[in-house]
> 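Can you keep this structure in mind? I'll have questions shortly.
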Amino acid sequence: NHTEVDQMCLKRLILSRRSIRNFTSLGPRDINNIKNLCDLSVNAPSACNRLPYKYICLQGDLKNKALDIPMGTAGWSDNVGIYVIVVGDLSAYFDIRDRHAPYIDASLALMQLVLLLEANNYASCIVNWSDIPSKNRKIKKLLGLESHEIVITTLAIGGKPNVYSTPISQKRSLYEFRS
């Protein structure tokens, strides 16, 4: 049973969350906490509970090499604490009709992770993964991914600074009610 306070907190969390690109450093305790948040995020809905995705959490030199692959990270990627590669598993389904399931399931879990990070005072920024063959080959080679594994998107995580600025983009209504 959820109270009105729970609903207000969730609404405030959703409305206050921003993509932050100027991170503070993470300590060993933060790394363990983020691991726990990753585990918690997989409680998101998943078709037939197949969980056709995984998170590959990168730190150190491997993180830096991976952050050089997508577009849009120049000028801010040097202070990312953890770089999460969200990898879909196409072998979880036998039929072409389910080809979107890894994308959907991984996105549901990732959104839960992003909100969990925000609720625990961590900063995050979803880094678009464009479907560019040369970049796909590069990341697959770097991470040793199998042929049935695909990068869905990526997430940069770090400590949340006390002061930060993010561009404000007005959200628009995306729904229609029909009878």
Side-chain angles (χ1 to χ4, degrees), residues 12-42 44 51-89 102-147 149-171:
R12 191 168 48 246
L13 178 69
I14 290 169
L15 293 175
S16 66
R17 195 243 159 227
R18 298 284 177 260
S19 291
I20 297 174
R21 293 171 181 83
N22 56 321
F23 306 105
T24 60
S25 60
L26 298 171
R29 187 170 172 223
D30 294 313
I31 303 303
N32 287 331
N33 194 24
I34 291 168
K35 286 178 185 178
N36 291 332
L37 297 176
C38 287
D39 285 337
L40 189 56
S41 76
V42 300
L51 302 171
Y53 61 89
K54 64 182 175 184
Y55 301 142
I56 299 177
C57 302
L58 305 177
Q59 294 178 276
D61 190 44
L62 191 57
K63 171 199 72 175
N64 295 333
K65 288 178 183 176
L67 273 162
D68 284 340
I69 298 173
M71 298 179 291
T73 60
W76 63 270
S77 64
D78 55 336
N79 62 4
V80 172
I82 298 174
Y83 189 44
V84 179
I85 312 296
V86 182
V87 176
D89 180 359
Y103 294 95
I104 295 166
D105 289 3
S107 297
L108 290 168
L110 183 64
M111 192 64 239
Q112 285 199 170
L113 177 57
V114 165
L115 290 175
L116 286 164
L117 290 164
E118 179 70 20
N120 285 273
N121 206 35
Y122 293 107
S124 67
C125 182
I126 295 174
V127 182
N128 182 41
W129 185 261
S130 299
D131 193 11
I132 299 171
S134 63
K135 293 188 178 294
N136 285 326
R137 284 190 299 275
K138 214 174 199 179
I139 196 76
K140 280 185 163 215
K141 183 177 180 185
L142 181 68
L143 300 178
L145 298 180
E146 301 291 330
S147 61
E149 294 179 311
I150 50 161
V151 173
I152 293 175
T153 195
T154 67
L155 178 70
I157 302 172
K160 186 183 280 186
N162 292 329
V163 178
Y164 57 89
S165 63
T166 58
I168 300 224
S169 56
Q170 187 62 38
K171 304 297 182 195

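All values below come from the heavy atoms of this structure, side chains included, with hydrogens, waters and symmetry mates left out.
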> Taking Thr153 for the side chain and Val127 for the main chain, is one N or O donor matched with an acceptor at less than 3.5 Å?
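Yes, the answer is positive, given that a donor and an acceptor are paired below the 3.5 Å cut-off.
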> Taking all non-hydrogen atoms of both residues, which atom of Ser41 and which atom of Tyr55 are closest, and how far apart?
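Scanning both residues, the minimum pair turns out to be OG-OH, 2.9 Å.
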> Quick one, Trp129 with Val86, criterion side chain to side chain contact (heavy atoms under 4.5 Å, CB included). Give me CA distance, side-chain angles, the key distance, then yes/no.
CA-CA 10 Å; Trp129 185 261; Val86 182; over 6 Å; no
> Count the heavy atoms of every other residue, nucleotide or ligand shown that sit under 6.0 Å from NZ of Lys138, and state whether that count exceeds 12.
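Count not over threshold, so no.
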> I need the Leu113 CG to Tyr122 OH distance, nearest 0.5 Å.
11.5 Å
> To the nearest 0.5 Å, how far apart are CG in Asp68 and NZ in Lys135?
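One finds 9.5 Å between CG of Asp68 and NZ of Lys135.
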> Within the structure provided, determine whether Pro102 and Tyr53 are in side-chain contact (heavy-atom separation under 4.5 Å).
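No, every pair of side-chain atoms sits at 4.5 Å or beyond.
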> Indicate yes or no: at least one non-hydrogen side-chain atom of Thr24 is less than 4.5 angstrom from one of Asn162.
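A side-chain contact is absent here, since even the closest heavy-atom pair is not under 4.5 Å.
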> Using the side-chain hydrogen bond (donor to acceptor under 3.5 Å, both in side chains) rule, take Asp131 and Asn136 through it: C-alpha gap first, then chi angles, then the decisive distance, then the call.
CA-CA 7 Å; Asp131 193 11; Asn136 285 326; 2.6 Å; yes
> For Gly27, is there any backbone N or O sitting under 3.5 Å from a side-chain donor or acceptor partner on Asp30?
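Present.
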> Donor-acceptor pair, Ser77 side chain versus Ala74 backbone, under 3.5 Å?
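No.
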> Tell me the closest heavy-atom pair linking Ile152 and Ala106, and the distance in Å.
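Taking every non-hydrogen atom into account, CD1-CB, 3.6 Å.
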> How far apart are the C-alpha atoms of Ile56 and Leu145, what are their side-chain angles, what is the distance that settles it, and do they pass the side chain to side chain contact (heavy atoms under 4.5 Å, CB included) test?
CA-CA 11 Å; Ile56 299 177; Leu145 298 180; 3.8 Å; yes
> For Ile20 and Pro161, work out which heavy atoms get closest and say how close.
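Looking at all heavy atoms of both residues, the shortest contact is CG2-CD, 4.3 Å.
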> Once rounded to the nearest 0.5 Å, what's the spacing between atom CG of Leu62 and atom SG of Cys57?
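Answer for the CG-SG pair, Leu62 versus Cys57, is 11.5 Å.
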> How close do Gln112 and Ala44 get, heavy atom to heavy atom, and via which atoms?
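Between these two residues, the closest heavy atoms are NE2-N, 3.4 Å.
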> Has Lys140 got a side-chain atom pairing as donor or acceptor with Val151's backbone, closer than 3.5 angstrom?
no
> Short question: side chain of Asn120, backbone of Leu116 - any donor-acceptor pair under 3.5 Å?
yes
> For the pair Asp61 and Lys65, find out whether any cationic side-chain nitrogen is under 4.0 Å from an anionic carboxylate oxygen.
yes
> Out of curiosity, Tyr83 OH to Leu155 CG, how far, rounded to the nearest 0.5 Å?
9.0 Å
> Do any N or O atoms from the side chain of Arg17 and from the backbone of Ser124 form a donor-acceptor pair under 3.5 angstrom?
yes
> Of all heavy-atom pairs between Ala119 and Leu13, which one has the smallest distance, and what is that distance?
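What the structure gives for the nearest pair is N-CD1, 3.6 Å.
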> Quick one: CD1 on Ile157 to CZ on Phe23, what's the gap to the nearest 0.5 Å?
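Answer for the CD1-CZ pair, Ile157 versus Phe23, is 8.5 Å.
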> Hey, what do you get for CG (Leu26) to CD1 (Ile31), rounding to the nearest 0.5 Å?
4.5 Å
